[in-house]
Amino acid sequence: MTRPTPLPPAPLTLGIVGLGKIALDQHVPAIAATGLFRLAAVVSPHGATPEETGLGDVPVFRSQGEMLAALPGLDAVAICTPPAVRHALTVEALRAGKHVLIEKPPAATLTELRLLLDAAEGAKRTLFAAWHSRFNAALEETRRRLAGATVRHVAITWKEDVRRWHPGQDWIFAAGGFGVFDPGINALSILTEILPAPVVVRDAELRVPANRDTPIAATLRMEGVAGSAVGTVTAAFDFLQEGEQTWAIAIETNGIGAEGGRLDLTHGGTRLSVDGVPVLAEPDAEYQGIYRRFHHLIGDAAGDVDARPLQLVADACLVGRWRTTDAFHW
């Protein structure tokens, strides 16, 4: 990718499109903490007032089109909407000459994602599909330890309470909303980042409430391709976990020299233990890592879009058995 004009000095101006829970809880604080971007505007289709957003004099627009028209010099946008509408918004922003960060999952379908890559290339702008769970030091350490190892089995347990993390958000259970795969794809983004070889989905069971469109729970069985150093992988996703929330990946290997044979990534990938001994634990700073990466990509006139986690979800939906379960109500 070649950039027709020099990169503006930091901080770059940025607008957030979709001022929901994830934007307010994660994006806004990360933007402030890193200092690489200046939050210049937000888009809230419901017309939140500056007082309601708590963002002071940051202007609020009802649509991305309004924001782009009012602020033609804006450098970048962060798309934080539900996945079903991300494609059109991303194309609009790219065509307006903006660099784009997309929350996960980056698109509702693989075709949409491929077309976004074409749009970014045509616009000569950065497109960054931000898999936030990858931005933990424990992942890099895990990948280092697995390089050259034989991975016998991986067990993913990703169970959380949808009422706690997505209260009243009906979009997540509507077609295109991903259901339990909205958090579950975080685990798959970690898996595809740390394993020394790819995996394929062999079978899955997807449990869908009688009154909803997307799964509330799912189990997957995957395995490494023939001749690779990866054996079997199982995943259990659940959106009805009460009490302690579980985001864990247990990895059994053939032994990694003096570094142990079992690795446990817990707390969403922020902590690593080897053979039961804690090795690394850091506070959650994923979104700060995302914005540092985004700024770096813009400076290098590069992009970063990895479709593998989305591909695994799509494959699970293609080969899986669909089961109807009890109706879900908030």
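None of these values were measured; they are calculated from a predicted model.
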Asks: For F294 and D304, what are the C-alpha separation, side-chain angles and deciding distance, and is it a side chain to side chain contact (heavy atoms under 4.5 Å, CB included)?
Replies: CA-CA 9 Å; F294 189 33; D304 183 354; over 6 Å; no

Asks: Salt bridge between E141 and R143, side-chain N to carboxylate O under 4.0 Å?
Replies: no

Asks: Using the rule given for side chain to side chain contact (heavy atoms under 4.5 Å, CB included), can you reason through V208 versus T325, listing the C-alpha separation, both sets of side-chain angles and the distance that settles it, and then say yes or no?
Replies: CA-CA 6 Å; V208 182; T325 188; 5.8 Å; no

Asks: Can you name the residues that form a side chain to side chain contact (heavy atoms under 4.5 Å, CB included) with R62, not counting sequence neighbours?
Replies: E66

Asks: Side-chain contact test, heavy atoms from C-beta onward, threshold under 4.5 Å: evaluate it for P215 versus W322 and give yes or no.
Replies: yes

Asks: Please set out all donor-acceptor pairs under 3.5 angstrom arising from side-chain atoms of residues 238-252, sequence neighbours excluded.
Replies:
residue, atom, partner, partner atom, Å
D238, OD1, L240, N, 2.9
Q241, NE2, E244, O, 3.1
Q241, NE2, T246, OG1, 3.4
Q245, OE1, D161, N, 2.6
Q245, OE1, W165, NE1, 3.0
Q245, NE2, Q241, O, 3.1
Q245, NE2, G243, O, 2.9
W247, NE1, E160, OE1, 2.8

Asks: Measure the spacing between CZ of R38 and CD1 of I31 and express it to the nearest 0.5 Å.
Replies: 11.5 Å

Asks: Shortest non-hydrogen contact from A204 to L220?
Replies: CB-CG, 4.1 Å

Asks: When you look at CZ of R271, are more than 12 heavy atoms from neighbouring residues, nucleotides or ligands closer to it than 6.0 Å?
Replies: no

Asks: When rounded to the nearest 0.5 angstrom, what distance separates CG in L24 from CG in L55?
Replies: 6.5 Å

Asks: Of the non-hydrogen atoms in I22 and Y287, which two are nearest, and what is the gap between them?
Replies: CD1-OH, 3.5 Å

Asks: Any salt bridge (charged side-chain N to carboxylate O under 4.0 Å, His left out) pairs touching residues 80-99, not counting sequence neighbours?
Replies: none

Asks: Could you tell me the separation between the NZ atom of K124 and the NE2 atom of H99, rounded to the nearest 0.5 Å?
Replies: 13.0 Å

Asks: Return the CD to CG distance between E193 and L195, rounded to the nearest 0.5 Å.
Replies: 10.0 Å

Asks: Do the side chains of I79 and L115 join up, straight or via other hydrophobic residues, at under 4.5 Å, putting them in one cluster?
Replies: no

Asks: Could you give the distance from CG (L272) to CD (E140), rounded to the nearest 0.5 Å?
Replies: 12.0 Å

Asks: How close do A138 and L265 get, heavy atom to heavy atom, and via which atoms?
Replies: CB-CD2, 3.7 Å

Asks: Assess the residue pair Q311 and D315 against the criterion (side chain to side chain contact (heavy atoms under 4.5 Å, CB included)); give the C-alpha distance rounded to whole Å, side-chain angles, the decisive distance to 0.1 Å, and a yes or no.
Replies: CA-CA 6 Å; Q311 181 73 67; D315 290 349; 2.9 Å; yes

Asks: Output a table of donor-acceptor pairs, distance under 3.5 Å, between side-chain atoms of residues 12-19 and any protein atom two or more places apart or on a different chain; print 'none' if there are none.
Replies:
residue, atom, partner, partner atom, Å
T13, OG1, D75, N, 3.0
T13, OG1, D75, OD2, 3.1

Asks: Should W171 and L89 be regarded as members of a common hydrophobic cluster, given that ILVMFWY residues are connected when their side-chain heavy atoms come within less than 4.5 Å of each other, either directly or indirectly?
Replies: yes

Asks: Quick test of your reading: applying side chain to side chain donor-acceptor pair (under 3.5 Å), list the pairs with at least one residue in residues 14-34, sequence neighbours left out, ordered by first then second residue.
Replies: K21-D25, H27-E103, H27-Y291

Asks: Is I185 linked to V305 within one hydrophobic cluster, defined over Ile, Leu, Val, Met, Phe, Trp and Tyr using a side-chain heavy-atom separation of less than 4.5 Å?
Replies: yes

Asks: Quick check: closest heavy atoms across P83 and G176, and the distance to 0.1 Å?
Replies: CG-O, 3.4 Å

Asks: What I want to check is whether the side chains of R134 and T192 have a donor and an acceptor closer together than 3.5 Å.
Replies: yes

Asks: Under a 4.5 Å cut-off applied to non-hydrogen side-chain atoms, are P11 and L36 in contact?
Replies: no

Asks: What residues form a salt bridge (charged side-chain N to carboxylate O under 4.0 Å, His left out) with D264, not counting sequence neighbours?
Replies: R262

Asks: When you measure from the side chain of S273 to the backbone of G276, do you find a donor-acceptor pair of N or O atoms at a distance under 3.5 Å?
Replies: no

Asks: Would a single hydrophobic cluster contain both V43 and V85, if residues Ile, Leu, Val, Met, Phe, Trp and Tyr are joined by side-chain heavy-atom contacts under 4.5 Å?
Replies: yes

Asks: Run E282 and N136 through side chain to side chain donor-acceptor pair (under 3.5 Å) and show every step you take.
Replies: CA-CA 8 Å; E282 288 192 348; N136 289 301; over 6 Å; no

Asks: Among all residues two or more places apart in sequence or in another chain, which pass the side chain to side chain contact (heavy atoms under 4.5 Å, CB included) test with N186?
Replies: K104, H132, S133, W158

Asks: Might you point out which heavy atoms bring A120 and L127 nearest each other, and give the distance in Å?
Replies: CB-CB, 3.7 Å

Asks: Do V91 and L116 touch side chain to side chain, with heavy atoms closer than 4.5 Å?
Replies: yes

Asks: Find the distance between SG (C317) and CG (L312) and round it off to the nearest 0.5 Å.
Replies: 11.0 Å

Asks: Applying side chain to side chain contact (heavy atoms under 4.5 Å, CB included), can you list everything that pairs with A41, at least two apart in sequence or on another chain?
Replies: P59, F61, M67, L71

Asks: Flag the pair V230 / E223 as yes when at least one side-chain heavy-atom distance between them is below 4.5 Å, and no otherwise.
Replies: no

Asks: Of all heavy-atom pairs between G269 and I190, which one has the smallest distance, and what is that distance?
Replies: CA-CD1, 4.4 Å

Asks: Which residue pairs pass the ring-ring contact (aromatic ring centres under 6.0 Å, His included) test with at least one member in residues 174-219, sequence neighbours excluded?
Replies: F181-F237

Asks: Within the structure provided, determine whether P196 and V151 are in side-chain contact (heavy-atom separation under 4.5 Å).
Replies: yes

Asks: What residues join V200 in its hydrophobic cluster, counting side-chain heavy atom gaps under 4.5 Å, either direct or through other members?
Replies: V225

Asks: State, with a plain yes or no, whether a side-chain heavy atom of I216 is found less than 4.5 Å away from one of F173.
Replies: yes

Asks: Hey, could you give me each pair passing side chain to side chain donor-acceptor pair (under 3.5 Å) that has a residue in residues 206-219? Not counting sequence neighbours.
Replies: D170-R212, E205-R207

Asks: Name all residues meeting the side chain to side chain contact (heavy atoms under 4.5 Å, CB included) criterion together with A69; count only those two or more places apart in sequence or in a different chain, and write none if there are none.
Replies: none

Asks: With heavy-atom distances below 4.5 Å as the criterion, would you say the side chains of V201 and R221 are in contact?
Replies: no

Asks: Side chain to side chain contact (heavy atoms under 4.5 Å, CB included) between L191 and M222: does it pass, once the steps are laid out?
Replies: CA-CA 11 Å; L191 182 76; M222 298 166 274; 4.2 Å; yes

Asks: Any side-chain heavy-atom pair from E286 and I290 closer than 4.5 angstrom?
Replies: no

